[in-house]
Amino acid sequence: MKIKALIATALTLAVALVGVALYLNWQADSAPTSVADPAATAAPQGSQGPSATASTGSKASSSATTGEGSSASAAPQATGAPEPSGTKDSSTAPKASDQPTAQATRPSWNPQPSESQVGLEVPTPTKASKFALPSTEERAPVLTKAPAIGVKEGKLTKGFPTAALPLPSATSIVQSSVAKQGELVMLGLEGRSKSSTDEVLDFYAVHFKKLNWLSERSTPAEGTTQITGGFGTDSATITVRKLPTGQTAVSAAGVFKVAG
């Protein structure tokens, strides 16, 4: 019984295998066979001509020999593609030999003087004049000898030098004084004048001018006017003011150096 069962099983498997083989054979016969058309493969692409086809064939054979099998290496490359815009023809580029070269020229110099230079003479330098201050009038000394010292009320001291410090006319003396310190003599006068303040100031302005002194006027206080004059160590200051009585108060002080 077992043998019969085995035989039956073997027959069943054989029949199944035969059926499968027949089915596969039928599928292979019914499938359409596609043959690659060599003309389609070699069809021109774009502007490629015969040269592009030949190049493609050579590259394809090279790829088959090396066994790379890469589709990128077998792709046709157009030889008629335009060159990049940045590439220039070396034949049209200017050569270094075509550039103009600067020619060095030596300046010409003639050691012989020209006609315009012949006979030129350097002028003789003139001597500069010596610097000198403008001449001034000589000033005679105001005091040639020292007066006696002292103080007097209502009159002048004995030997008071009125040439150095005078009083205008119509002036009553209040006090006079003479003092001495080394070579310097100090004079002082106090008086009351019937003249106006301007007349008294003008009187002393004329006196200073006779002595060749420089003078200036100023107003140290309200209602008071001064005139100052002097030169060197000699100087005098006159102060005037109007009194309520209508008279002009005169105060004169001077410092003088005794010449000798």
Side-chain angles (χ1 to χ4, degrees), residues 121-260:
E121 296 181 359
V122 179
T124 305
T126 58
K127 294 183 179 180
S129 59
K130 294 182 179 180
F131 175 77
L133 293 172
S135 59
T136 57
E137 298 181 6
E138 294 183 2
R139 293 175 175 83
V142 179
L143 289 181
T144 55
K145 64 178 182 178
I149 61 175
V151 177
K152 291 294 182 178
E153 299 288 339
K155 63 179 181 178
L156 295 175
T157 60
K158 186 178 180 179
F160 188 92
T162 54
L165 195 63
L167 277 175
S169 58
T171 301
S172 58
I173 299 172
V174 177
Q175 186 184 50
S176 64
S177 64
V178 176
K180 187 177 179 182
Q181 183 178 1
E183 296 180 349
L184 299 179
V185 175
M186 280 76 73
L187 304 178
L189 280 176
E190 293 286 340
R192 300 291 184 269
S193 177
K194 295 179 181 180
S195 302
S196 65
T197 56
D198 290 337
E199 291 174 344
V200 174
L201 294 172
D202 292 341
F203 170 81
Y204 282 103
V206 172
H207 173 66
F208 292 156
K209 188 175 181 180
K210 289 179 181 180
L211 296 176
N212 292 325
W213 283 6
L214 301 175
S215 63
E216 64 175 350
R217 296 189 185 189
S218 61
T219 305
E222 185 178 357
T224 303
T225 308
Q226 283 184 348
I227 181 170
T228 304
F231 185 83
T233 56
D234 297 343
S235 64
T237 300
I238 314 300
T239 304
V240 297
R241 60 187 178 87
K242 196 70 173 178
L243 296 174
T245 59
Q247 292 182 325
T248 300
V250 180
S251 176
V255 179
F256 302 89
K257 182 179 180 180
V258 178

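The model shown is predicted, which means the values in this text are computed figures rather than measured ones.
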Engineer: Quick one: closest heavy-atom pair of Ser169 and Ser195, and the distance?
Structural biologist: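 For Ser169 and Ser195, the tightest heavy-atom pair comes out as O-OG, 4.1 Å.
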Engineer: Backbone N or O of Pro166 within a donor-acceptor pair of the Tyr204 side chain at under 3.5 Å?
Structural biologist: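 Yes.
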Engineer: Does a donor on one side chain sit under 3.5 Å from an acceptor on the other, for Ser251 and Glu190?
Structural biologist: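 Indeed, the side chains of Ser251 and Glu190 share at least one donor-acceptor pair under 3.5 Å.
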Engineer: Could you report the tightest heavy-atom contact between Lys242 and Thr197, atom names first, then the distance?
Structural biologist: N-CG2, 4.1 Å
Engineer: So which atom in Ile238 and which in Ala252 form the shortest heavy-atom distance, rounded to 0.1 Å?
Structural biologist: CD1-CB, 3.3 Å
Engineer: State whether the side chain of Thr219 and the backbone N or O of Thr225 hold a donor-acceptor pair below 3.5 Å, judged by distance alone.
Structural biologist: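 No.
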Engineer: Which atoms form the tightest heavy-atom contact between Pro220 and Ser218, and what is the distance?
Structural biologist: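 Closest approach of Pro220 to Ser218: CD-O, 3.6 Å.
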Engineer: Quick one: do Asn212 and Phe231 satisfy side chain to side chain contact (heavy atoms under 4.5 Å, CB included)? Show the steps, please.
Structural biologist: CA-CA 8 Å; Asn212 292 325; Phe231 185 83; over 6 Å; no
Engineer: Show the numbers, then the answer: is there a salt bridge (Lys or Arg N to Asp or Glu O under 4.0 Å) between Arg217 and Asp202?
Structural biologist: CA-CA 10 Å; Arg217 296 189 185 189; Asp202 292 341; 2.5 Å; yes
Engineer: What do the steps show when you test Leu201 against Val240 for side chain to side chain contact (heavy atoms under 4.5 Å, CB included), and what is the final call?
Structural biologist: CA-CA 8 Å; Leu201 294 172; Val240 297; 3.7 Å; yes
Engineer: Does Leu167 offer a backbone N or O that forms a donor-acceptor pair with the side chain of His207 under 3.5 Å?
Structural biologist: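 No, because the side chain of His207 does not come within donor-acceptor range (under 3.5 Å) of the backbone of Leu167.
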Engineer: Give the table of side-chain donor-acceptor pairs shorter than 3.5 Å for residues 172-182, with sequence neighbours excluded, one pair per line with atom names and distance.
Structural biologist:
from: Ser172; atom 1: OG; to: Arg192; atom 2: O; distance (Å): 3.3
from: Gln175; atom 1: NE2; to: Glu153; atom 2: OE2; distance (Å): 2.7
from: Ser176; atom 1: OG; to: Lys155; atom 2: O; distance (Å): 2.7
from: Ser176; atom 1: OG; to: Thr157; atom 2: N; distance (Å): 3.0

Engineer: Please give me the minimum heavy-atom distance between Gly188 and Leu165, naming the atom from each residue.
Structural biologist: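 Minimum heavy-atom separation between Gly188 and Leu165: N-CD2, 4.5 Å.
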Engineer: Count the heavy atoms belonging to other residues, nucleotides or ligands that lie under 6.0 Å from NZ of Lys194, then report whether that count exceeds 12.
Structural biologist: no
Engineer: How close do Phe160 and Leu189 get, counting heavy atoms only, and between which atoms?
Structural biologist: CZ-CG, 3.6 Å
